[in-house]
Number of protein chains: 2
Amino acid sequence: MIRLLLADDQALVRGALAALLDLETDLEVVAQVGRGDEVLDAARQSGAEVCLLDIEMPGLTGLEVAERLRAELPAVRSLIVTTFGRPGYVRRALDAGAAGFVVKDTPARELADAVRRVHAGLRVVDPTLAAESLMAGPSPLTAREAEILRLALDGSPVATIARAAHLSQGTVRNHLSAAIGKTGAATRAEAARIAHARGWL
Amino acid sequence: MIRLLLADDQALVRGALAALLDLETDLEVVAQVGRGDEVLDAARQSGAEVCLLDIEMPGLTGLEVAERLRAELPAVRSLIVTTFGRPGYVRRALDAGAAGFVVKDTPARELADAVRRVHAGLRVVDPTLAAESLMAGPSPLTAREAEILRLALDGSPVATIARAAHLSQGTVRNHLSAAIGKTGAATRAEAARIAHARGWL
DNA sequence: ACCTGGCCATGACACCTGTCACGGCCCCGA
DNA sequence: TCGGGGCCGTGACAGGTGTCATGGCCAGGT
């Protein structure tokens, strides 16, 4: 009996996944949480062996959770289950200590197998996704450029970004210009979209 | 036995919802599709009585599907099941003939009840969502303003938008200016975000 | 000691954007 | 018949944006 923990911010999806996995005779969902910062406590109390983690959750990112799980509960395996197959996410997930990476597009019947493989100590990564991840390569953005671009994601004007980052407007525009160049974009909005889609933010 | 059709672009979510609903003794999932434009055929062939529709799908929107179902298969009830509780979506869903509107945040146990209510001919709408929908009111945007704003969503420059819409740049800027004024935004990026969040696009 | 590269900043320039005033064309309701 | 309002366009202006050159500071590697 493999003991599972589910972390996803959408209650309906969480419950549905639980129903799906409980159909398997060798799997048992022992805990469900809707926030990233509730995973560690729940994992400790439930004695979960494998954690299915969504990436975009309130509190903590699934990637951050995977990192903390590795540090504090090294016996627990993390399996990232996310909507977005952004290339950069795969690399970051593996760096964070995740044992697997699955997108929500994959057929339902394959999920249970992924869980079993991860539990057995294997690494599970969507093959097409792994290829994309290698193709795209690592992020060319510096830390500051990524930070500025994150602030520019919603289309804020330079003045707002500068205040938020405690920088001068000129510096912000320089970072944005560099990011535009590195992403091959024409405007900062496009640069932000590209970097976001690649998982560089 | 209530016959259900599931439409959601994420295979994993689709399969998980099927597992969840099949647990109920009076419900039966008779068809699953991953695209909006496959729903009608599938509904006809499977003889589904209730269709669970995600809004954002390739091919056709869940809202558009609801409209066509009402026109061509009036006996079939539509239940919108979506991630985003945008106020404008609720109104548009009901106008399109949907019998219910549920967000993916709702507890899993309530979904089966929503299906039964819809099948019984009742309307099901998340109460807090209904309140928000009334609060926000209808879209103040004209058709063209909404179209231009849709094209501006990704941060394209005015020249690109103008080409895409077959308009002069001046006209595009006028429409954008009007939209910025009506949304109370400061930039077109913010206006696009606001309108999108309200379900006006 | 030297050079490279990230980071911060300034100033100047060309260009893009947001706003406003204005005019014209339609359709619809009073 | 006469507005009113949506729609399209022009022109002009102030301010925001993207680019470039330049300079200083600091950490790291040769």
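Every chain is numbered from 1 and lettered A, B, ... according to where its sequence line falls, protein lines coming before strand lines. Quick caveat: nothing in here was measured; it's all calculated off a predicted structure.
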#### Entry: Separation of atom CZ in A/Arg173 from atom P in C/dC8, rounded to whole Å
16 Å
### Query
Can you find a side chain N or O atom of B/Ser177 that sits less than 4.0 Å from OP1 or OP2 on C/dT17?
no
### Query
Considering all heavy atoms of both residues, which atom of A/Leu21 and which atom of A/Leu27 are nearest to each other, and what is their separation?
O-CB, 3.6 Å
### Task
Would you indicate what B/Thr171 reaches in the nucleic acid, counting non-hydrogen atoms under 4.0 angstrom: base, sugar-phosphate, or nothing?
base
### Task
May I ask you to say what A/Arg144 touches in the nucleic acid, namely base, sugar-phosphate or nothing, with a heavy-atom cut-off under 4.0 Å?
sugar-phosphate
### Query
So which nucleotide from C/dC7, D/dC8, C/dG18 ends up closest to the side chain of B/Ile180?
C/dG18
#### Entry: Most 5' of B/Thr187 and B/Gln169 on DNA chain D, judged by nearest nucleotide
B/Gln169
### Query
Taking the side chain of A/Leu167 as heavy atoms from C-beta outward, which of C/dA9, D/dG6, C/dG18 is closest to it?
C/dA9
## Note on the structure
Nearest heavy-atom approach of B/Ala66 to B/Leu53 is N-CD1, 4.0 Å
### Query
Once you round it to whole Å, what is the distance between P of C/dG18 and CD1 of B/Ile148?
13 Å
### Query
When the distance from CG of A/Leu149 to P of D/dG18 is rounded to whole Å, what number comes out?
11 Å
### Base C/dC7 paired with A/Asn174 side chain (donor-acceptor, <3.5 Å)
no
### Task
Look at the side chain of B/Ala143 and decide which nucleotide, out of D/dC7, D/dT19, C/dT17, has an atom nearest to it.
D/dC7
### Query
Do any side-chain nitrogens or oxygens of B/Arg188 fall under 4.0 Å of OP1 or OP2 in C/dG18?
yes
### Message
Are B/Ile161 and B/His175 packed together at the side-chain level, in the sense that at least one heavy-atom pair is separated by less than 4.5 angstrom?
### Response
no
### Query
For the pair made of CD in A/Glu190 and C1' in D/dG18, what is the distance, rounded to whole Å?
14 Å
### Rounded interatomic separation in angstrom, taking CG from B/Leu176 and P from C/dT19
9 Å
### Query
Does the side chain of B/His175 get closer than 4.0 angstrom to OP1 or OP2 of D/dC7 through an N or O atom?
no
### Task
Whole angstrom is fine here: how far is it from CG in A/Leu141 over to P in C/dG6?
11 Å
## Note on the structure
Smallest heavy-atom separation, A/Arg3 atom then A/Ser46 atom, equals NH2-O, 2.5 Å
### B/Glu145 vs B/Gly170, nearer the 5' end of DNA chain D by closest nucleotide
B/Glu145
#### Entry: Interatomic distance where CZ belongs to A/Arg163 and C1' belongs to C/dC8 [whole Å]
19 Å
#### Entry: Nearest-Å distance for atom pair NE2/C1', residues B/His166 and D/dC7
16 Å
### Message
Assess whether a salt bridge exists between A/Arg35 and A/Asp9, defined as any Lys/Arg side-chain N lying under 4.0 Å from an Asp/Glu carboxylate O.
### Response
no
